[in-house]
Structures are given as structure tokens and as C-alpha cells.
Amino acid sequence: NCVRLPFNYRLIENAPEGYQYFDKAFLWGERYGIGIILDMHAACGAQNCDWHSDSLGRAQLWEKEEFRDRMVALWQKVVTRYKHEEALIGYDLLNEPVLGGKSTNLLKKIYRTLIRRLKEIDRKHTYFLEGSLWSQRIDFLADILEENVSVSIHAYQPLPYTFNFVPFKSYPGLIQRQRWDRNALMKYLSGYAQFARKHNVDIFVGEFGINWRGGHWGECAYLRDILKAFH
């Protein structure tokens, strides 16, 4: 019942006509009863070294304060424009940050600044914080949680299987010298469940899935099991 709508900072900062895409998405969301989470998928300077953050091989967001300031200013524009949309669920502040050896304190500082500045504009909707290391590590977020702040994770384990890094692996089966089945998926996700209970916070699974290989390698079973594990 919701769509996580990714965007590149260039869409708004360098080409303001990019708002037309958001406007159309919110129109469709309201028409068809689909909630929308706006997701900064590529921040100024890039928040990781991968292609989907629009990186040229470096995550410069962590190197230059100018980029971090521009990210805050851009979010302020976006929140101001869309805070009254009926289809809006909230804002995914930064997709898959990878700090490259920098302390998580830097990411916490950015999140604190964003929450403070953006809540001056919109205190109604939810702000989603992704963990470090491709949205997997979340313990460091515990002391910045507050009202209307949630945590988002991405769940792709075991990567050699879901991304087909090692061909011809099947599920359930032996992957990375470990048997992966429903019990293994439950164990993998149990730490997140404990975090949610301990800190009384919802966890949104912003991404999960598998590279489809015709359904011959247990893809359907994997998806069924991980969906059950989420509950």
C-alpha cells in the first residue's frame, strides 16, 4: 500500500522542473490509495561509492560540509512543497549510507540536523533513518529516536544468493558454508526485532528481494520465507 519513491538530488537542485514528477506521483497516489515515501537515493557528493548514489567512485558527502549543507537545504525545499499531500507517508532521509571508515557520529549529526530543521516545517509525517553499511547496522541510532522518527533497513542476505554473486546456489541450501532456510532468515532478522521492541520503534523494510533466475533456484520459497519472517 505504499511506494518508496527514489530521487537524485540533481532532479530538484539542478532541474527544478523535476518537481513535475513528484506532482504526478502524488496525484496517482491519492487517486489509487497508495502512500508515498520520498527517498533521497543519491545525495550531493554521493553517500556511498556505488552507481545508484550517482557516485564517481568516492562518497564525498562525508568529506565536504558543503555537500551536507546542500542536502539539508534540498530537503527543506522538498518538505515545504509536499508536506500537505494526502498521499505522503514520510521522508527516507538518506539511502544506504556507507561511511568508509568515518565514525557513525557524523551520520548521527547529519540526522539530528535534518530532524531538527525539517520538523520546524513538518511535524506530522514520519522521518525514516537508514542504518550504516547499506542500511544494515542500526544500533547507533537508538539515542536519536523520537516521535515520528522510524528506522529503515534493507534486507538482502545472503548476498551471494540473492544477488547471484555465486551462480547456481539454491534456497533452501548451503550458502557461504551456512544452511539458509526459514530458521536462518528468522535468526538474521531477530536482532532488528529485538531493537524494535527495546526502543519501541517501528522498523520499515525499505528494500528486500532477489535477482530472478526463472524461479528455478528457490526464489519463490525465499521470498515467501522472508515475508513471513518480517511479520
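If you read the sequence from its start, that first residue is 1, and numbering goes on from there. Everything quoted here is computed from the prediction, not taken from an experiment. Heavy atoms only: backbone and side chains are in, while hydrogens, waters and symmetry mates are out.
- Side-chain atoms of D181 come within 3.5 Å of backbone N or O of N183 as a donor-acceptor pair.
- Ion pairing between a basic and an acidic side chain is recognised when a charged N comes within 4.0 Å of a carboxylate O; K102 and E63 show no such pairing.
- Between the side chain of Y9 and the backbone N or O of A46 there is no donor-acceptor pair closer than 3.5 Å.
- Residues I210 and Y188 are members of one and the same hydrophobic cluster, defined by side-chain heavy-atom contacts under 4.5 angstrom among Ile, Leu, Val, Met, Phe, Trp and Tyr.
- One finds no salt bridge joining R137 and D139 here, because no Lys/Arg side-chain nitrogen approaches an Asp/Glu carboxylate oxygen to under 4.0 Å.
- A donor-acceptor pair under 3.5 Å is absent between the side-chain atoms of R197 and the main chain of F195, judged by distance alone.
- Using a 4.5 Å cut-off on side-chain heavy atoms (C-beta onward), M40 and N95 make no contact.
- Ring centroids of Y222 and Y161 are separated by less than 6.0 Å, placing the two rings close together.
- Looking only at distances, no side-chain donor or acceptor of S170 sits under 3.5 Å from a matching main-chain atom of G173.
- Atom CG of D202 has 12 or fewer heavy atoms from other residues, nucleotides or ligands within 6.0 Å.
- Judged by distance alone, the side chains of Q136 and Q157 do bring a donor and an acceptor atom under 3.5 Å apart.
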Practice task
Before giving the answer on salt bridge (Lys or Arg N to Asp or Glu O under 4.0 Å), spell out for R4 and E130 the whole-Å C-alpha distance, their side-chain angles and the decisive distance to 0.1 Å.
Solution key: CA-CA 13 Å; R4 180 171 168 261; E130 298 197 21; 3.1 Å; yes

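- The existence of a salt bridge linking R70 and E66 is confirmed by a sub-4.0 Å separation between a basic side-chain nitrogen and an acidic carboxylate oxygen.
- The 12-atom threshold is not exceeded at CG of N1, counting heavy atoms of other residues, nucleotides or ligands nearer than 6.0 Å.
- Taking the charged nitrogens against the carboxylate oxygens, E86 and K124 have no contact shorter than 4.0 Å, which rules out a salt bridge.
- No side-chain donor-acceptor contact under 3.5 Å links Y32 to the backbone of L27.
- Using a 4.5 Å heavy-atom cutoff, the side chains of H41 and S53 are not in contact.
- Two residues are said to be in side-chain contact when any heavy atoms from C-beta on lie closer than 4.5 Å; V79 and L38 fail this criterion.
- Other residues, nucleotides and ligands contribute at most 12 non-hydrogen atoms within 6.0 Å of the CG atom of L56.
- Within the 4.5 Å cutoff, no side-chain heavy atoms of I36 are placed close to those of E85.
- Side-chain atoms of I37 and L5, non-hydrogen and from C-beta on, never get closer than 4.5 Å to each other.
- Checked for salt-bridge contact, D225 and R182 meet the test: a charged N lies under 4.0 Å from a carboxylate O.
- More than 12 heavy atoms of other shown residues, nucleotides or ligands fall within 6.0 angstrom of atom CG in N105.
- When each of F26, W75, F7 is paired with Y82, the ring-ring contact (aromatic ring centres under 6.0 Å, His included) condition holds for F26 and for no other.
- For the pair E13/K77, no side-chain contact is recorded, criterion being any heavy-atom separation below 4.5 Å from C-beta on.
- Distance alone, capped at 3.5 Å, places no donor-acceptor pair between the N48 side chain and the P97 backbone.
- Both tests do not hold together for R81 against F22: distance to the six-membered ring centre under 6.0 Å, angle to the ring axis within 45°.
- In this structure, W217 has its ring center under 6.0 Å from that of F168.
- At most 12 heavy atoms of other shown residues, nucleotides or ligands fall within 6.0 angstrom of atom CD in E147.
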Practice task
Go through the steps for F208 and F230 under the test ring-ring contact (aromatic ring centres under 6.0 Å, His included), then give the verdict.
Solution key: CA-CA 11 Å; F208 72 99; F230 291 151; 5.2 Å; yes

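- The backbone N or O of I175 sits nowhere less than 3.5 Å from a side-chain atom of Q178 that would complete a donor-acceptor pair.
- Under a 3.5 Å cut-off, the side chain of T80 and the backbone N or O of Q76 do form a donor-acceptor pair.
- Residues forming a side-chain hydrogen bond (donor to acceptor under 3.5 Å, both in side chains) with K169 (at least two apart in sequence, or on another chain): none.
- Other residues, nucleotides and ligands contribute at most 12 non-hydrogen atoms within 6.0 Å of the OH atom of Y21.
- A 4.5 Å side-chain heavy-atom check between K64 and R68 finds every atom pair outside the cut-off.
- Taking both residues in full, the closest heavy atoms of V205 and A155 are given as CG1-CB, 4.4 Å, listed atom of the first, atom of the second, then distance.
- Two residues are said to be in side-chain contact when any heavy atoms from C-beta on lie closer than 4.5 Å; R112 and D143 meet this criterion.
- Ring to ring, F163 and Y156 are close: their centroids are under 6.0 angstrom apart.
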